[in-house]
Q: 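Here it is, the structure in full.
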Amino acid sequence: MESGFLKAFQRTVTCPICMNCFIDPVTLDCGHSFCRPCFCLSWQDIQVLAQCSKCRKTTQRRNLKTNINLKNLASLARKVSLWQFLRSEEQMCEIHRQTKKMFCEVDKSLLCLLCSNSQEHRDHIHCSIEWAAEEHREKLLKKMQSLWEKACENHGNLNMETTRARCWKVSSI
């Protein structure tokens, strides 16, 4: 029963494009939700209306808002998946036989609490794995948003230059 509920919950917070837990989910006019990066990448032509990849309805909104509730639910689902992953045998510290719960920023590695306090890592910056995952995910989202905005700007510039070139070509004939 519990695993059936968990699977249903995880399906609810899964992006139909990337098939992973939502990252910065946006909801279209039709009610379907997608990761913002997935939706932007699947939106082939910036000048054309966006189309839902589930029902094929079009949407005119360009500045989609993050679905905060869905984002929080997806964050919970990622934490559950992370806990399941960390409980696996291969994620146990080979030296201390403890679960790796810390992330070493310097070495970019997972450590158990005893290893994080060892001579080798004592002077390094550490944080919980959950915090590190969310922090790096947020940084990645900001970079992706910046790239999307740059792509839109470049597309607009390209259209403007294409129009200029056509006008110049017509006037020179």
Side-chain angles (χ1 to χ4, degrees), residues 1-28 32-44 46 50 53-54 61-155:
M1 175 73 169
E2 187 178 308
S3 74
F5 173 76
L6 184 58
K7 287 179 183 177
F9 173 68
Q10 287 176 327
R11 274 194 308 274
T12 303
V13 295
T14 297
C15 173
I17 296 175
C18 68
M19 301 306 291
N20 289 311
C21 281
F22 285 114
I23 296 176
D24 195 17
V26 294
T27 303
L28 305 183
H32 292 114
S33 298
F34 304 91
C35 297
R36 182 183 305 275
C38 293
F39 179 72
C40 291
L41 290 173
S42 69
W43 189 356
Q44 298 286 328
I46 296 168
S53 56
K54 289 281 275 190
R61 292 191 298 159
R62 290 185 179 276
N63 297 324
L64 297 168
K65 304 287 185 240
T66 299
N67 184 327
I68 300 295
N69 289 331
L70 195 52
K71 183 178 182 176
N72 291 338
L73 290 172
S75 179
L76 285 173
R78 280 193 301 276
K79 286 179 183 176
V80 169
S81 293
L82 179 61
W83 292 332
Q84 288 173 334
F85 171 73
L86 292 175
R87 285 189 192 129
S88 66
E89 188 62 33
E90 66 234 21
Q91 292 308 314
M92 297 291 282
C93 173
E94 294 174 2
I95 299 166
H96 303 107
R97 302 304 304 156
Q98 288 187 356
T99 303
K100 297 176 184 176
K101 295 181 180 181
M102 302 303 291
F103 179 73
C104 177
E105 287 283 346
V106 175
D107 293 340
K108 306 291 187 223
S109 62
L110 302 179
L111 306 169
C112 75
L113 288 171
L114 293 172
C115 285
S116 68
N117 289 321
S118 69
Q119 186 72 32
E120 181 183 356
H121 295 280
R122 185 175 296 144
D123 296 330
H124 294 175
I125 299 169
H126 303 100
C127 59
S128 73
I129 291 172
E130 291 93 347
W131 187 88
E134 288 299 319
E135 182 70 17
H136 287 276
R137 186 175 291 107
E138 289 298 320
K139 286 180 184 176
L140 181 61
L141 278 175
K142 286 178 184 170
K143 286 182 182 180
M144 291 173 82
Q145 181 66 30
S146 173
L147 289 173
W148 175 247
E149 289 167 2
K150 194 59 143 172
C152 289
E153 180 185 329
N154 288 343
H155 191 75

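Values reported hereafter were calculated over all heavy atoms of this structure, with side chains retained and with hydrogens, waters and symmetry mates removed.
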Q: Report the relative orientation of the aromatic rings in F5 and F9; use parallel for angles under 30°, tilted for 30 to 60°, perpendicular for over 60°.
A: parallel
Q: Nearest 0.5 Å, please: how far is NZ in K100 from CD in E94?
A: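 These two atoms lie 6.5 Å from each other.
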Q: Using 4.0 Å as the upper bound for N to carboxylate O, is an ion pair formed by E134 and R78?
A: yes
Q: Please indicate whether K143 has more than 12 foreign heavy atoms, meaning atoms of other residues, nucleotides or ligands, lying under 6.0 Å from its NZ.
A: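 No - once you tally the heavy atoms of other residues, nucleotides and ligands closer than 6.0 Å, there are 12 at most.
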Q: For atom CD1 of I68, decide whether the heavy atoms of other residues, nucleotides or ligands shown that lie under 6.0 angstrom number more than 12.
A: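 Counting neighbours around CD1 of I68, more than 12 heavy atoms of other residues, nucleotides or ligands fall under 6.0 Å, so yes.
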Q: If every non-hydrogen atom of C112 is compared with every non-hydrogen atom of H96, which pair is closest and at what distance?
A: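 That closest heavy-atom pairing would be SG-ND1, 3.4 Å.
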Q: Stepwise, does the side chain to side chain contact (heavy atoms under 4.5 Å, CB included) test hold for F39 with L28?
A: CA-CA 10 Å; F39 179 72; L28 305 183; 3.7 Å; yes
Q: At what distance, to the nearest 0.5 angstrom, does SG of C21 lie from NZ of K79?
A: 12.5 Å
Q: Quick one: closest heavy-atom pair of A77 and Q10, and the distance?
A: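 Looking at all heavy atoms of both residues, the closest pair is O-NE2, 4.3 Å.
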Q: Quick one: pull up OG in S146 and NZ in K142 and give me the separation to the nearest 0.5 Å.
A: 11.5 Å
Q: Rounded to the nearest 0.5 Å, what separates atom CZ in R122 from atom CG in N117?
A: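 Going from CZ on R122 over to CG on N117, the span is 7.5 Å.
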Q: Hey, mind stepping through L110 and F103 against side chain to side chain contact (heavy atoms under 4.5 Å, CB included) and telling me if it holds?
A: CA-CA 5 Å; L110 302 179; F103 179 73; 4.0 Å; yes
Q: Check M102 against H126 and note the closest heavy-atom contact, atom names and distance.
A: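 That would be CE-CB, 3.9 Å.
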Q: Working to the nearest 0.5 angstrom, can you tell me the gap between K101 NZ and S116 OG?
A: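 The OG atom of S116 is 11.0 Å from NZ of K101, to the nearest 0.5 Å.
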Q: I need the minimum non-hydrogen distance between R97 and M92, along with the two atoms involved.
A: O-CE, 3.2 Å
Q: Using every non-hydrogen atom in the two residues, find where T12 and L70 come nearest and quote the distance to one decimal.
A: O-CD1, 4.3 Å
Q: Rounded to the nearest 0.5 Å, what's the gap from SG on C93 to CD on Q98? Could you check?
A: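 Between atom SG of C93 and atom CD of Q98 there are 7.0 Å.
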Q: Under the 3.5 angstrom rule, does the side chain of S118 hit a backbone N or O of L114 as a donor-acceptor pair?
A: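 Not a single qualifying donor-acceptor pair exists.
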Q: Testing the basics here: between P16 and S33, what is the closest heavy-atom pair and its distance to 0.1 Å?
A: CD-O, 3.5 Å
